[in-house]
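What follows is a set of notes on a single structure, which appears directly below.
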Amino acid sequence: MRIDILTLFPEIVQGPLNHSIIKRAVDKGIVEICYHNIRDYTTNKHNKVDDAPFGGGAGMVMSIQPIDDLITKLKSEREYDDIIYTTPDGETLNQPMANTISTYENIIILCGHYKGIDHRIRDMFITKEISIGDYVLTGGELAAAVITDSIVRLLPGAISDETSALSDSFQDNLLSPPVYTRPSDYKGQKVPDVLLSGNFKEIDNWRHQQSIDRTKKLRPDLFK
Ligand code: 6GU
């Protein structure tokens, strides 16, 4: 898979993705993540990439020209399955969305910043608009990192234990059961006996019941 990320602040997106499982997936060649600085594409002689909104009002709007040139160049080089724009008014990211996007070959993620992008870019190019929740961030960069993380960890080979991604919270609309590791007794706080029993059928049953109980209690909206 190839992910092209278009942003005025590449460092913000790169930071969270340059560690752990996602970094390893990049190093193994499972995914290619290409960062593009929109400022490199402006034809403005002062390197400007934004301007005041027509009609007035506070804040700046990202200009159409550099984004148009960058997306047009990328589209001339390969076909994209989706061109995503990160925005608080998009569809809220969830696990089924991440699952679907993880099956794609090439995607673009365009990060909004300031007041957003000139709306004509959305009309011309954007095929999907994604928000990561009902709160406002300074820009779409952290959202792009979240979306990318949720996709890349699902790619075959990204997580060493193949079954691990499928048993995540949300994959079956159930939260994960509690987990423990050594020591089994820490200052008198003990791990549930069943996990030390060696009886794997009982352990499976216990974990499943814990998932159901925790989902009912913590996320009744997920429980159907
Ligand atoms: Cl995608 N962008 C911004 N700026 N804020 C957000 C968001 C995106 N998702 C939730 N809040």
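Start at 1 and go down the list; that is how both ligands and their atoms are numbered. On a predicted model such as this, the values are computed, not experimentally measured, just so you know.
Considering only residues two or more places apart in sequence or on other chains, His113 meets the ring pair (Phe, Tyr, Trp, His ring centres under 6.0 Å) condition with Phe9.
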Is there any protein N/O under 3.5 Å from an N/O of ligand 1, and what does the full list of such pairs look like?
residue	atom	partner	partner atom	Å
ligand 1	4 (N)	Leu137	O	3.1
ligand 1	5 (N)	Leu137	N	3.0
ligand 1	9 (N)	Ser131	OG	3.3
ligand 1	9 (N)	Ile132	N	3.0
ligand 1	11 (N)	Tyr135	O	2.5

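Residue Asp89 qualifies as enclosed at atom CG: its count of foreign heavy atoms under 6.0 Å is above 12. Residue-environment remark: OH (Tyr186) stays at or below the threshold of 12 foreign heavy atoms within 6.0 Å.
Using modelled atom types and a 3.5 Å distance limit, the side chains of Arg78 and Tyr80 yield a donor-acceptor pair.
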Donor-acceptor pairs under 3.5 Å, side chain of residues 144-154 to any protein atom, not counting sequence neighbours: which ones?
residue	atom	partner	partner atom	Å
Thr148	OG1	Ala144	O	2.8
Ser150	OG	Ile147	O	2.8
Arg153	NH1	Asp168	OD2	2.7
Arg153	NH2	Asp168	OD1	3.3
Arg153	NH2	Asp168	OD2	2.8

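Identified under the salt bridge (Lys or Arg N to Asp or Glu O under 4.0 Å) test for residues 188-199, with sequence neighbours left out: Asp185-Lys190.
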